[in-house]
Amino acid sequence: MSLLPRVVLLIGLAFAVLSPARIEAAPVDEAFSGFASAGYDTIEKAIETLAASGHPTAEAVLNALEGGNLFVREADGAIVYKTKDGKVLDARTDAPIAGNAAESLKPVRVNNRIRRAVKAALGSLTLLNPRTESRRVAAEAVFKGRDPTALPHLEAALAKEKDAGVRRVMEQARAAALLGTDAPEAAKLAAIEVIAGRGDLEARALLASLGRDVPPAVAKAAAAAVAAIDGRLAVWNTAQSVYYGISLGSVLLLAAIGLAITFGVMGVINMAHGEMVMLGAYTTFVVQETIRKTAPELFDYSLAIAVPLAFLVAAAVGILIERTVIRFLYGRPLETLLATWGLSLVLQQGVRSIFGPTNREVGTPAWMSGAFELGGLTLTYNRLTIIVFAVVVLALLMLITRFTPFGLRMRAVTQNRQMAASMGIRTPWLDSLTFGLGSGIAGIAGVALSQIDNVSPNLGQSYIIDSFMVVVFGGVGNLWGTLVAALTLGVANKLLEPFAGAVLGKILILVFIILFIQKRPRGLFALKGRAVES
Amino acid sequence: MAGWRPGFTHLLGDRGGLVLLTVLAAAAVLVPVLNLLVPPTAAFHVPTYLVSLLGKYLCYALLALSVDLVWGFCGILSLGHGAFFALGGYAMGMHLMRQIGTRGVYGHPVLPDFMVFLNWKELPWYWHGFDHFAFAALMVVLVPGLLAFLFGWFAFRSRVTGVYLSIITQAMTFALMLAFFRNNMGFGGNNGLTDFKDLLGFNLQADGTRAALFAASALMLAGGYALCRFVVNSRFGKVLVAIRDAESRARFLGYRVESYKLVVFTLSAVMAGVAGALYVPQVGIINPSEFSPANSIEVVIWVAVGGRGSLHGAVLGAVLVNYLKSYFTGALPDAWLFVLGGLFIAVTLFLPKGIVGTVPALGPGRCWKGIDAATTQLTRLFGGGRTQL
């Protein structure tokens with residue numbers, strides 16, 4: 001028995017089995033025969049009919065058509081399609097076509113117009129998909145397409161829809177589609193209201209594109225809705241700026257907090273503070289390199305490993321600096337400033353000699369990459385982590401100063417060095433430890449900064465002036481002052497940026513601080529009492 | 001009480017100053033002569049690049065002198081003097097830009113090249129007048145002076161002192177740097193002002209002009225030194241030293257501390273501006289990086305290396321450190337920051353008085369001792385001294 005008669009027999013059998021359905025679904029037959037046509041109009045009509053019919057194979061067939069896998073069998077004009085795994089199935093029944101019937105298949109003609117039609121048809125088809133997410137995506141697609149022909153499908157889908165979220169999207173899609181029809185004015189006004197409820201850029205674009213050929217009342221409502229959406233978006237944009245500002249503020253806080261401690265306790269402006277931050281960042285780099293070479297599976301923990309190490313490295317360097325240089329310069333703050341500036345140059349050049357002048361690659365662990373949406377806000381995980389991290393560091397530091405003997409002594413020395421010394425506090429030791437603590441925190445800040453900035457020998461330089469501003473603005477010897485100053489400067493900077501531009505915004509902030517210092521020479525939260533005189 | 005005599009008679013007793021002035025006068029004559037009149041093949045010929053290099057050092061020395069005046073004698077550690085220097089330089093640069101005329105790349109009769117490039121249609125108002133040398137010279141003095149006056153007016157009256165003052169002077173120069181980097185400020189943005197052609201009709205590339213600029217720098221430095229010496233030796237200068245050593249006591253004695261500080265700060269800024277104006281035609285460019293805070297801190301270390309509070313030490317330090325910089329950036333570029341950083345540390349730790357205060361041969365002459373004695377007397381008068389800041 002040759003192959004062809006066998007196939008014919010099979011098809012005949014299938015027809016026999018499905019004949020009742022065939023009688024019921026006469027338009028579907030029309031649709032299927034339409035695919036065999038050479039005219040695009042007929043094919044497009046076939047697509048619409050098929051989609052509207054809700055035929056069980058409709059989705060598969062349309063997908064096949066889009067991918068160029070729908071064929072007309074030349075022998076009898078039957079429509080078949082090829083699945084991804086190479087099987088050939090009958091388009092009407094999903095019955096497998098045996099053997100190499102593929103030989104005599106002619107693809108159904110497809111052009112861009114057909115593809116568009118297929119897309120729209122698929123959108124309305126999947127409105128009935130059992131998966132909620134598919135239905136939502138389909139409804140969104142209809143919203144964007146604004147195809148009035150989808151209206152009946154939407155109505156049908158809405159009647160069956162139970163999920164509230166999907167229902168809302170479907171209603172918006174229906175409203176969008178409705179605006180394209182010649183529906184009565186009242187219906188259009190209601191539709192505009194529904195669309196305005198979305199409040200995003202898509203809705204704004206849709207409403208703004210309505211144009212002049214609509215009744216004046218509708219145009220007016222649309223304009224009002226656009227204005228409302230603009231207002232809403234402005235609020236979200238401000239919120240986003242504030243978030244960026246808090247993020248910048250937390251970075252400033254991390255960079256400045258160590259400086260605030262050393263300045264508060266020792267009256268020493270440590271110009272090499274930025275280089276401690278840089279050392280922390282390079283420690284992160286070394287940790288990650290080591291992990292990459294020896295134990296790649298630990299990479300997600302690399303930052304957790306780097307934090308204590310960065311603290312130790314920076315604290316050790318800090319104590320070394322204190323013991324070898326700063327110790328000899330107490331009571332001469334300006335000389336200390338110069339000497340630590342010299343140290344910062346040496347440290348920079350040292351790192352440049354060891355690691356090279358170019359940026360080093362520090363990776364982000366998987367759990368820190370990505371972002372999520374909150375209302376109209378986009379929050380990235382790494383920024384969020386840094387904010388949380390800064391808060392944790394600040395809290396820890398406050399606990400240390402408040403509840404440990406070391407903290408108690410630190411506060412005593414800040415308030416009155418001579419008196420503290422007479423009460424038996426070993427101030428030289430305390431100075432060393434404080435300097436170590438401040439430097440160590442700078443090192444931790446370096447770990448955080450390595451995630452959002454370039455790790456290069458100049459990393460510290462770019463933060464040192466900002467950190468000074470924070471400390472000077474916030475006042476000495478008060479961590480709350482540092483927190484308030486960092487957040488204020490960060491948020492003000494980011495709020496100014498949209499109006500003034502990044503550079504001018506920064507200049508304005510600097511000028512503001514210079515003027516502020518005239519008004520309150522000791523910062524926002526100045527220590528009262530005799531400590532001020534020193 | 002030799003220190004109390006006013007006027008230039010002091011220069012007679014000031015050994016270091018006399019040496020300095022003699023050297024400067026000799027250089028102002030000899031270097032141009034050796035450059036212009038001695039044939040290039042002769043052993044004593046001074047090549048033109050060296051004339052410009054030395055001229056640059058002298059401008060730096062004048063800048064260092066101005067820092068020494070406020071820091072060494074009044075205890076104001078300004079980390080923003082580079083800003084005054086750069087402003088003076090920009091004023092001169094604007095004049096030089098206007099002198100280019102139609103010889104620019106775009107050949108525009110009025111607008112400098114960068115404005116044509118940015119599609120500007122007319123000269124901004126603050127560029128007007130700079131085509132006259134006299135106006136530009138006035139601005140060289142006025143702009144830094146005015147900025148310093150305003151800044152000092154606020155800062156000193158609010159009693160911002162010590163480290164706080166240093167930090168906000170640094171913030172000032174940083175803010176100016178950011179501002180001048182902006183293209184729409186009208187100062188050439190990132191690239192600054194360059195491609196100068198001539199000054200007062202003399203070609204800037206000509207050997208003669210360069211020698212003349214060198215001589216002018218030397219004379220200006222000598223004049224600046226004489227002026228500083230006059231100021232610090234006057235009664236006014238004594239009060240400055242008193243303020244440096246015990247500000248509160250000077251205030252309690254009835255001196256208006258903020259006025260003294262304001263005058264000396266403004267004077268010093270003007271000197272820095274003049275230094276910048278002489279610097280620009282010799283190096284041929286001025287750009288916003290001159291405002292960078294690192295530059296201003298570097299000036300302080302020149303003063304510290306030479307010897308703070310000695311004036312001629314500042315000159316010596318500026319020339320010495322810049323010579324080292326020229327040498328190292330040429331021979332061992334990687335080592336320069338180690339050297340500079342090391343200098344900062346070593347000088348503050350081991351040479352608090354700088355070279356002049358440490359090496360006896362360069363040490364204080366009679367006059368210096370006079371000042372020292374006067375200072376001691378004053379501090380005793382004020383009821384016991386504090387160690388200097």
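Below, chain A is the first sequence line, B the second, and so on; all start at residue 1. In this text, all values refer to a predicted model and were calculated from it rather than measured experimentally.
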**Message:** Salt bridge check, B:Lys325 against B:Glu298: does any charged N sit closer than 4.0 Å to a carboxylate O?
**Reply:** yes
**Item:** Part of B:Tyr164 within contact of chain A (heavy atom distance under 4.5 Å)
**Value:** side chain
**Request:** Identify which part of B:Ala346 has an atom lying under 4.5 Å from any heavy atom of chain A, answering side chain, backbone, both or neither.
**Result:** neither
**Prompt:** So what's closer than 4.5 Å to chain B heavy atoms on A:Leu338: side chain, backbone, both or neither?
**Reply:** both
**Request:** Pick one of side chain, backbone, both or neither for B:Leu176, based on which atoms fall under 4.5 Å of a heavy atom in chain A.
**Result:** neither
**Request:** Let me know if A:Leu329 has heavy atoms under 4.5 Å from chain B in its side chain, its backbone, both or neither.
**Result:** side chain
**Fill in**
The interface call for A:Leu345 against chain B, heavy-atom contacts under 4.5 Å, is both
**Prompt:** Looking at B:Arg244, B:Arg251, B:Arg249, which one forms a salt bridge (charged side-chain N to carboxylate O under 4.0 Å, His left out) with B:Glu247?
**Reply:** B:Arg251
**Item:** Interface moiety of B:Val300 toward chain A, non-hydrogen atoms closer than 4.5 Å
**Value:** side chain
**Asked** If you take all heavy atoms of A:Val503 and B:Leu178, which pair is closest and at what distance?
**Response** CG1-O, 3.5 Å
**Request:** Flag the one option from B:Val160, B:Ile297, B:Leu343 with the top tally of heavy-atom pairs under 4.5 Å to chain A.
**Result:** B:Ile297
**Item:** Lys/Arg-Asp/Glu bridge criterion (N-O < 4.0 Å) met for A:Asp431, A:Arg417
**Value:** yes
**Request:** Would you give the length of the straight line joining atom CE of A:Met276 to atom CD1 of A:Ile464, rounded to the nearest 0.5 angstrom?
**Result:** 10.0 Å
**Item:** Interface moiety of B:Met172 toward chain A, non-hydrogen atoms closer than 4.5 Å
**Value:** both
**Prompt:** Relative to chain B, which segment of A:Ile517 carries a heavy atom at a distance below 4.5 Å: side chain, backbone, both, or neither?
**Reply:** both
**Prompt:** Looking at A:Leu508, A:Leu504, A:Thr340, A:Ile509, which one has more heavy-atom pairs under 4.5 Å with chain B than the rest?
**Reply:** A:Leu504
**Item:** B:Ser166 OG to A:Phe468 CZ distance, which is reported to the nearest 0.5 Å
**Value:** 9.5 Å
**Item:** Ring centres under 6.0 angstrom apart (B:Phe328, B:Tyr323)
**Value:** no
**Asked** To the nearest 0.5 Å, what is the distance between CZ (B:Phe344) and CH2 (A:Trp341)?
**Response** 7.5 Å
